[in-house]
Amino acid sequence: MPFGEVTITLEDVATLTGLAIDGDAVIVDIPDEDWSAMCLRLLGQAPTDLGGGVIRITWLRETFDELPLSASPETTEQFARAYALSLMGGVLFSDRSGGSVHLQYLLLVEDWRRAGRFAWGAAVLSYLYREMGRSALQMTASSSLGGDFGGWAALLMLWTWERFPHTSPLHAVTGAQITQDAVPRGIRWLPAQTRQHGDQFYLYKLWFDECTTFVVSI
């Protein structure tokens, strides 16, 4: 690392995660329709306790746990949107609640072709910076030694291991094999057995490509 550069850059996001850093800006709009109607239209179902446009991630995972083999193209799209919404709220754009996601993110995957043009990597980095900034301000105001923050914390972890390899837990594991040519590069910090069993940190780079390719090809 060059002297003085101690921050996550867009290049880091692209190489470590595989997420796009070029493309349309990820801008979330407020819908004209009410949240329940939008949820029914895009997901086919809506929870009874939907308040303020916030939905529980556990409800998404339980309701859309397994796609039926005889699912129609419309149902398939709804399941794909539920998966994407769960991943956005639970991983990429998570908040400090850790268990809910706002339905405004659902509009980002209303049109899959449009979703594939977004600069998701840039949005993830911007959101992480904002959350870390908020946490730092709260720590300063309260003179606290620590604070929670939202966003994709795994990106910060992978960046730390990439730039400071001696901090990686694999560094202390005897016989650990780190794949140097892994794509995206962040995968190389995961043990081989973890990658083979589909850990979420390995699957993140494919989530939009898989959903978009599957739905559009129907």
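Heavy atoms only: backbone and side chains are in, while hydrogens, waters and symmetry mates are out.
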- prompt: Any donor and acceptor pair, going by atom type alone, linking the side chain of D12 with main-chain N or O of T9 inside 3.5 Å?
  reply: yes

Check: Between L85 and V109, does a side-chain contact (heavy atoms from CB on, under 4.5 Å) hold up when you go through it step by step?
Finding: CA-CA 8 Å; L85 184 61; V109 290; 5.8 Å; no

Output yes when R114 and D24 qualify as a salt bridge under the 4.0 Å nitrogen-oxygen rule, no when they do not.
no

Between Y105 and M88 the two heavy atoms that sit nearest each other are O-CE, 3.5 Å

Find out whether T76 and F79 are in side-chain contact, i.e. whether some heavy atom of one side chain is under 4.5 Å from a heavy atom of the other. no

When rounded to the nearest 0.5 Å, the distance separating CG of L155 from CD1 of I8 is 4.5 Å

d(W159 CH2, T17 OG1) to nearest 0.5 Å is 15.0 Å

Q: Would you confirm whether the ring centroid of W35 sits within less than 6.0 angstrom of the ring centroid of H102?
A: yes

- Shared hydrophobic cluster, V54 / L42 (ILVMFWY, side-chain heavy atoms < 4.5 Å): no

Original post:
So, does T63 use its side chain to make a donor-acceptor pair with the main chain of L60 at under 3.5 Å?
Top reply: no

| request: Report yes or no: do L40 and L103 belong to one cluster of Ile/Leu/Val/Met/Phe/Trp/Tyr joined by side chain heavy-atom distances under 4.5 Å? | output: no

Across all chains, not counting sequence neighbours, the side-chain contact (heavy atoms from CB on, under 4.5 Å) partners of L69 are none

Residue pair W59 / Q45, side-chain heavy-atom distance below 4.5 Å
yes

Tell me whether L107 shares a hydrophobic cluster with F118, the cluster being built from Ile, Leu, Val, Met, Phe, Trp, Tyr side chains joined at under 4.5 Å. yes

- Task: Using atom types as modelled and distance alone, determine if a side-chain donor or acceptor of R81 lies under 3.5 Å from a backbone N or O of E110.
- Result: yes

Is a donor from one side chain sitting under 3.5 angstrom from an acceptor on the other, for R61 and S86? yes

In terms of relative ring orientation, are F93 and W120 parallel, tilted or perpendicular, with 30° and 60° separating the classes? tilted

So the salt bridge (Lys or Arg N to Asp or Glu O under 4.0 Å) pairs with at least one residue in residues 118-128 (sequence neighbours excluded) are none

The reported gap from NE2 in H166 to OG1 in T160 (rounded to nearest 0.5 angstrom) is 10.0 Å

So CG of L16 and CZ of R163: to nearest 0.5 Å the spacing works out to 7.5 Å

Would you mind reporting whether S36 and P47 have side-chain heavy atoms less than 4.5 Å apart? no

Residue pairs passing the side-chain hydrogen bond (donor to acceptor under 3.5 Å, both in side chains) test with at least one member in residues 121-130, sequence neighbours excluded, are T7-Y129

Rounded to the nearest 0.5 Å, the CD atom of E131 sits from the CG atom of L156 at a distance of 13.0 Å

Rounded to the nearest 0.5 Å, the CG atom of L125 sits from the CG atom of L19 at a distance of 10.5 Å

*Would V91 end up clustered with Y83 when hydrophobic side chains under 4.5 Å apart are linked, directly or stepwise?*
yes

Determine yes or no for a side-chain-to-main-chain donor-acceptor pair under 3.5 angstrom, with T75 supplying the side chain and A71 the backbone. no

Do S100 and D95 pass the side-chain contact (heavy atoms from CB on, under 4.5 Å) test, and can you show the C-alpha distance, the side-chain angles, and the key distance before you say yes or no? CA-CA 8 Å; S100 61; D95 57 28; 4.2 Å; yes

